Amino acid sequence: MKGILDIETGGFSITKNGVCEICLLAVNQDNEIVDTFHTFIKPYTREDGSDELVSYKDDAMAINGLTVDRLIEEGVEVVEAMQNLKNFIITHGIEVVIGHNSNAFDIPRVDYLLNRFANFGIDLLAKLDTMLMAKSKHKLPSYKLEALCEHFGIINDDAHTAFGDTKATLKLFVILNN
């Protein structure tokens, strides 16, 4: 089973900026979605031992359209989110994680949270990155997900949300894998 992963964050630092939203689609061998894990995460403390919460940069939050208030209202505690994600991965037997620019961005952040809060890491799973796949097969001016969706005619009505971007990444993966 494959998992299509995307996250939204409050900035670029793994330890200082919070992960706001995570989506992982469980996908079968025919590239059909069989189940979805999706959650918002409440602000959580930094790992430095202080009681200081992770931060959320205004420009990052403007891109994904999330607010700290929404995370507090709709989110779950990070420990619960990571336990649920761990269980989702194990239950569905996910062996490969696919994402867009995920090797450099999404996977290190999710792996950090899983190791810290669920004593579990995805670092041992196989990883496929659609940005690297696109770069190896096509010469294009941009390899951002938005640009590749436009190039290949993929409609992403929920761009810059974890759920919308996972669905677009799955469609991109299918195109690049053929």
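What you see is a predicted model; the values in this text were computed from it and never measured. Atom set for the values below is all heavy atoms of this structure, side chains included, hydrogens, waters and symmetry mates excluded. For the single chain, residues carry numbers from 1 onward in sequence order.
- For the 3.5 Å distance criterion, the side chains of Asn119 and Asn115 fail to qualify, holding no donor opposite an acceptor.
- Distance check, rounded to the nearest 0.5 Å: CD of Glu74 to CG of Leu66 gives 8.5 Å.
- Each of Asn103, Ile14, Leu113, Ile122 was checked for a side chain to side chain contact (heavy atoms under 4.5 Å, CB included) with Pro108, and the lone residue meeting it is Ile14.
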Is there a side chain to side chain contact (heavy atoms under 4.5 Å, CB included) between Ser55 and Arg46? Walk through the geometry before answering. CA-CA 9 Å; Ser55 61; Arg46 294 184 184 189; 3.7 Å; yes
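- For the pair Val76 and Thr39, the tightest heavy-atom approach, listed with the atom from each and the gap, is CG2-OG1, 3.3 Å.
- The two residues Pro43 and Leu71 make their nearest non-hydrogen contact at CD-CB, 4.3 Å.
- With values rounded to the nearest 0.5 angstrom, Asp6 atom CG is found 9.0 Å from Phe105 atom CZ.
- One distance of note links CD1 of Ile107 with CG of Leu125; it measures 8.5 Å at 0.5 Å rounding.
- Counted by atom type alone, Asp165 and Asn156 present one or more donor-acceptor pairs between their side chains at under 3.5 Å.
- Judged purely by atom type and a 3.5 angstrom limit, Arg116 has no side-chain atom pairing as donor or acceptor with the backbone of Val79.
- Ser102 contributes no side-chain N or O that, together with a main-chain N or O of Ile98, makes up a donor-acceptor pair within less than 3.5 Å.
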Output, in order, the C-alpha distance, side-chain angles, deciding distance and verdict of side chain to side chain contact (heavy atoms under 4.5 Å, CB included) for Thr9 and Tyr56. CA-CA 8 Å; Thr9 69; Tyr56 302 90; over 6 Å; no
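- Donor-acceptor pairing under 3.5 Å is recorded for the side chains of Asn31 and Lys2.
- For the residue pair Ala168 and Cys149, the shortest heavy atom distance occurs at CB-SG, 3.8 Å.
- For the pair Asp129 (side chain) and Met131 (backbone), a donor-acceptor distance under 3.5 Å is present.
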Walk me through it: do Phe117 and Glu77 pass the test side chain to side chain contact (heavy atoms under 4.5 Å, CB included)? CA-CA 10 Å; Phe117 295 107; Glu77 298 294 335; over 6 Å; no
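- In this model, no donor atom of one side chain and acceptor atom of the other lie less than 3.5 Å apart for Thr169 and His100.
- For Tyr143 against Leu148, the heavy-atom pair with the smallest separation is O-CD1, 3.4 Å.
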Go through it in stages, so that I can follow the logic: the residues are Met133 and Phe173, the test is side chain to side chain contact (heavy atoms under 4.5 Å, CB included), and I'd like the CA-CA distance, side-chain angles, deciding distance and then a yes or no. CA-CA 8 Å; Met133 291 172 71; Phe173 173 75; 3.9 Å; yes
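- Of all non-hydrogen atoms in His92 and Asp35, the two that sit nearest each other are NE2-OD2, 2.8 Å.
- Within the 3.5 Å criterion, the main-chain N or O of Thr161 finds no donor-acceptor partner in the side chain of Asn64.
- The minimum heavy-atom distance linking Ile94 with Val96 is given by the pair CG2-O, 3.5 Å.
- The aromatic rings of Phe88 and Phe37 lie tilted to each other, with the angle between the two planes from 30° to 60°.
- The structure places CD1 of Ile89 at 10.0 Å from NZ of Lys86, a figure rounded to the nearest 0.5 Å.
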